[in-house]
Chemist: 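Let me begin by handing over the structure; questions about it come next.
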Amino acid sequence: MPGKSAADRILAAIRAVPRGQVAGYGEIARRAGLPGRARLVAKLVSENDDPKLPWHRVLRSDGRIAIPVDSPSHAEQVQRLRAEGVVVENGRVRGQRAAASLDEVLWAPPRR
DNA sequence: GTTCTGACTGCGA
DNA sequence: GTCGCAGCCAGAA
């Protein structure tokens with residue numbers, strides 16, 4: 001009995017992202033049980049204000065930061081990602097693309 | 001009730 | 001690699 005709301009699941013999915021790792025909006029939505037609601041995730045993240053929420057780990061499917069460079073949150077996301085060991089260059093995440101799925105991350109073998 | 005917009009996604013050029 | 005178009009869904013006016 002799903003008493004949890006869509007927003008609650010989305011937030012939970014974002015919190016499920018391990019540190020130093022990134023996930024896509026669509027993936028987060030799918031993980032929350034809301035496939036196709038990537039935009040809803042974006043809206044929630046943009047509205048959320050919880051420092052405990054790793055929203056900075058949420059990127060676009062291309063592995064790019066979904067936040068416009070004109071937005072102050074953009075620099076903040078980059079700074080946070082770098083602080084976690086994620087390589088960000090010119091608004092893009094380097095070292096590894098946005099995980100197609102969290103399962104893939106768990107299955108992802110140590111790269112060399 | 002309808003209409004518009006959006007921190008998206010996928011495909012094609 | 002970048003850019004543009006169309007599709008999809010939800011929330012707000």
Chemist: At a heavy-atom distance below 4.0 Å, what parts of residues 72-85 of chain A sit against DNA chain B?
Modeler: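 Those residues whose heavy atoms fall under 4.0 Å from DNA chain B, taken from residues 72-85 of chain A, amount to none.
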Chemist: Any side-chain N or O of A/Arg37 under 4.0 Å from OP1/OP2 of C/dC9?
Modeler: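 For A/Arg37, the contact criterion (side-chain N or O under 4.0 Å from OP1 or OP2 of C/dC9) is not met.
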Chemist: Check the distance between B/dG6's P and A/Glu47's CD and give it to me in whole angstrom.
Modeler: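 In whole Å, B/dG6 P lies 13 Å from A/Glu47 CD.
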Chemist: Mind calculating the distance between CZ (A/Arg57) and C1' (B/dA7) to the nearest angstrom?
Modeler: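 After rounding, the gap between these two atoms is 18 Å.
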Chemist: Over all heavy atoms of both residues, which pair between A/Ala38 and A/Ala29 is shortest? Give the atoms and the distance, please.
Modeler: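 Closest pair (atom of A/Ala38, atom of A/Ala29, distance): N-CB, 3.9 Å.
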Chemist: With no hydrogens and no angle check, is any side-chain donor or acceptor of A/Gln77 less than 3.5 Å from a backbone partner on A/Val58?
Modeler: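 A pair under 3.5 Å: yes.
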Chemist: Can you name the side chain to side chain contact (heavy atoms under 4.5 Å, CB included) partners of A/Ala42, sequence neighbours left out?
Modeler: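 In terms of side chain to side chain contact (heavy atoms under 4.5 Å, CB included), with neighbours along the sequence ignored, A/Ala42 is linked to A/Tyr25.
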Chemist: Tell me, which pairs form a salt bridge (Lys or Arg N to Asp or Glu O under 4.0 Å) where one or both residues lie in residues 69-88 of chain A, sequence neighbours left out?
Modeler: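 Found A/Arg57-A/Glu84, A/Glu76-A/Arg80.
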Chemist: Could you give all pairs that pass the salt bridge (Lys or Arg N to Asp or Glu O under 4.0 Å) test and reach residues 36-52 of chain A, with sequence neighbours left out?
Modeler: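 For residues 36-52 of chain A, and leaving out neighbouring residues, the salt bridge (Lys or Arg N to Asp or Glu O under 4.0 Å) pairs sorted by first residue read A/Arg15-A/Asp50.
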Chemist: As an exercise, state the distance from CZ of A/Arg31 to CG of A/Leu34, rounded to the nearest 0.5 Å.
Modeler: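 The CZ atom of A/Arg31 sits 13.0 Å away from the CG atom of A/Leu34.
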Chemist: When rounded to the nearest 0.5 angstrom, what is the spacing between CD1 in A/Ile67 and CZ in A/Arg60?
Modeler: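 Atom-to-atom, A/Ile67:CD1 and A/Arg60:CZ are 11.5 Å apart.
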Chemist: When you check every protein heavy atom under 4.0 Å of nucleotides 8-13 of chain B, what one-letter string (B, S, -) results, 5' to 3'?
Modeler: BBS---
Chemist: Distance from A/Leu59 atom CG to A/Arg64 atom CZ, nearest 0.5 Å?
Modeler: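 One gets 11.5 Å once the value is rounded to the nearest 0.5 Å.
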Chemist: Can you check whether A/Ile10 reaches A/Ile28 side chain to side chain, under 4.5 Å on heavy atoms?
Modeler: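 Yes; the side chains approach each other to less than 4.5 Å.
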Chemist: Between A/Arg30 and A/Glu27, is any pair of side-chain heavy atoms under 4.5 Å apart?
Modeler: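 A/Arg30 vs A/Glu27: side chains touch.
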Chemist: For nucleotides 11-13 of chain C, print each protein N/O atom paired with a nucleotide N/O atom at under 3.5 Å, atom names and distance only.
Modeler:
none

Chemist: Look at A/Arg92 and C/dG1 and indicate whether a side-chain polar atom (N or O) is within less than 4.0 Å of OP1 or OP2.
Modeler: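 Answer no for this pair, as no side-chain N or O of A/Arg92 is under 4.0 Å from OP1 or OP2.
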